[in-house]
Amino acid sequence: MIRTKRNVLSHTMTSQNNPSPESTKTWSGRFSEPVSELVKRYTASVFFDHRMAMQDIQGSLAHARMLARQGILSGEDLADIERGMAQIADEIARGAFQWNLDDEDVHLNIEKRLTALVGDAGKRLHTGRSRNDQVATDIRLWLREAIDLILNLIKAFQLSLLDVAEAHAATPMPGFTHLQVAQPVTFGHHLLAYFEMTRRDAERFADCRRRMNRLPLGAAALAGTSYPIDRESVAAELGFDDLCRNSLDAVSDRDFAIEFCAASALLMTHLSRLSEEIILWMSPRVGFIDLADRFCTGSSIMPQKKNPDVPELVRGKTGRVNGHLVALLTLMKGQPLAYNKDNQEDKEPLFDTADTVIDTLRIYADMIGGIQAKPGNMHAALAQGHATATDLADYLVKKGLPFRDAHEAVALAVRAAEERGIDFSCLGLDELRTALDKVPGAAERLAEDALAAISIEGSLRARAHIGGTAPDAVRAAIARARNELDAQKGA
Ligand code: ARG
């Protein structure tokens, strides 16, 4: 993917103030005066849509081959077009292609160059199509590649996440609600929550790809074309699963781009939550993890600082991705059928979304692997929150005490622990009995095994069902996750 920004590209872009006949716009015969420099810049998209050049060539070749098969274009013309396009693709790959602002967008730039290289055959290429169905095809081809890359990167992220989760399948940490210590969980279990989130993200991207993978070409400007085209064969050559079934819809809707941005916004939101946790965990006040130095920066003034810049930027960049989603929804909402130039504004948000998601996933896969957990600190935090109080209530319920009574009795035991300045899990059997005595039926239900139930390890071990935090359940979840990833296409 070319990642040239507008200002960089404009250095290499030519624009002629007095257009020569060759650079006159394709549709200029209808007009009596040229557009101003400002209007030219304002309406041009080649600054950014040149990123779809290879897809544009791919689409044009499939279209030309179909025209030749249908007898609309001669074999000779097709050969010229194929030869010219091969040279153009090579020029673009070498960075030698001269993008020209006068030719507005990627489509006209390439067509102009083709005509310069092969003459009339180049002028015949556009038979039976319009830039409207051409651009709708190019974006789909481009986005399809981006999604395939994103799916691979999500998988790489998940694999590193699973490695860390496996190493910490039995490492206790406090689980929080309201950012207050709630119950013990394992660090591995906590990380697996993000596996599930990104698993749904991957499903959303795959689903978006499936719905997007339909061919718009053939819709022409909006109404279809009078030439005897064969859309199915073009779809097959370009790897589309189906055809867009309505020509007006094919050229005008960008719902697939919106879906992509929505899937991206959710993925980034998940990574932003993880980033927030990483930032919190590595704060010296919490100290649950350390992050490899290569993801952090120092302060220009405070020599002691190690700042989690990368996760902070992930959190920050989520804002721009969310913004792009809203931009595209807003772009679409007022447009009457069919194509309107508004749609040209779909590309920058779309490209920036894909770039941001791709870079974020790349960096994250590596960053997750660079997490060093500090089990001692996690354990110390856990031992300060009376995190196993619920386990004693459950214990009493299992011995026949109604839950509300058990809840009240345990609250008294928590108070006793508070008064002594120790964690609930450190109370002895006698202390528990004394505390529970005030609730009828509670104290006599206590036995020696209550101590194991309120220990951190006992609390974890007890939650051994699917989706629970017991180390064995976490290991089983990891194994299931690995099997699933192995079974995926391209594994
Ligand atoms: N650059 C245009 C876009 O991105 C291509 C389609 C132009 N079509 C038109 N009728 N002006 O949407």
Side-chain angles (χ1 to χ4, degrees), residues 1-2 4-6 9-10 13 15 23-31 34-35 38-60 63 88 92 97 99-114 125-144 146 212 215-225 244 247-258 260-261 324 327-354:
M1 263 175 279
I2 315 167
T4 320
K5 292 270 193 270
R6 178 184 301 228
L9 188 67
S10 47
M13 190 164 299
S15 170
S23 71
T24 304
K25 291 223 180 214
T26 307
W27 31 260
S28 67
R30 157 88 175 68
F31 295 83
V35 296
L38 178 60
V39 171
K40 202 193 288 177
R41 282 193 171 272
Y42 195 76
T43 55
S45 55
V46 64
F47 305 107
F48 46 85
D49 67 13
H50 67 94
R51 288 183 61 166
M52 304 188 304
M54 292 306 177
Q55 290 76 16
D56 194 67
I57 292 173
Q58 198 188 351
S60 288
H63 176 69
I88 291 171
I92 293 171
F97 189 90
W99 297 102
N100 188 353
L101 186 64
D102 294 310
D103 295 326
E104 191 176 320
D105 59 22
V106 61
H107 322 292
L108 294 179
N109 266 269
I110 290 179
E111 191 185 315
K112 244 328 148 37
R113 178 71 183 138
L114 181 70
L125 171 63
H126 213 49
T127 310
R129 79 171 181 185
S130 149
R131 273 187 297 157
N132 297 353
D133 57 347
Q134 188 178 356
V135 69
T137 304
D138 292 0
I139 310 172
R140 282 167 155 89
L141 289 171
W142 189 90
L143 202 50
R144 211 170 65 181
M212 179 179 74
L215 176 76
L217 271 179
L222 78 162
T225 174
C244 295
S247 61
L248 296 148
D249 173 51
V251 292
S252 67
D253 206 350
R254 296 290 183 266
D255 58 354
F256 61 89
I258 297 174
F260 173 81
C261 287
H324 292 327
L328 289 195
L329 284 166
T330 312
L331 174 73
M332 206 73 246
K333 73 179 268 295
Q335 286 192 49
L337 290 180
Y339 175 86
N340 302 280
K341 189 79 164 182
D342 311 40
N343 277 343
Q344 184 165 286
E345 286 290 308
D346 64 356
K347 286 165 210 69
E348 285 170 294
L350 189 64
F351 293 158
D352 188 66
T353 297

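Heavy-atom basis, side chains included; hydrogens, waters and symmetry copies ignored. As the structure lists them, so they are numbered: ligands from 1, and atoms in each ligand from 1.
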* Just by distance, with hydrogens left out, do R129 and S60 show a side-chain donor and acceptor under 3.5 Å apart? -> yes
Close N/O pairs between ligand 1 and protein, under 3.5 Å:
residue  : atom   : partner : partner atom : Å
ligand 1 : 1 (N)  : S45     : OG           : 3.3
ligand 1 : 1 (N)  : D105    : OD2          : 3.0
ligand 1 : 1 (N)  : Q344    : OE1          : 2.8
ligand 1 : 4 (O)  : K347    : NZ           : 2.6
ligand 1 : 8 (N)  : N132    : OD1          : 2.8
ligand 1 : 10 (N) : N132    : OD1          : 3.1
ligand 1 : 12 (O) : Y339    : OH           : 2.5

* Asked: Any Lys/Arg nitrogen of K347 or D49 sitting under 4.0 Å from an Asp/Glu carboxylate oxygen of the other?
  -> no
* Asked: Is the distance between the ring centroids of F351 and W142 under 6.0 Å?
  -> yes
* To do: May I ask you to check whether D352 and H324 show a side-chain donor-acceptor distance below 3.5 Å?
  => yes
* **Given Q55, Q58, H107, the one that forms side-chain hydrogen bond (donor to acceptor under 3.5 Å, both in side chains) with D138** => H107
* Asked: For Y339, which residues count as a ring pair (Phe, Tyr, Trp, His ring centres under 6.0 Å) partner, sequence neighbours excluded?
  -> none
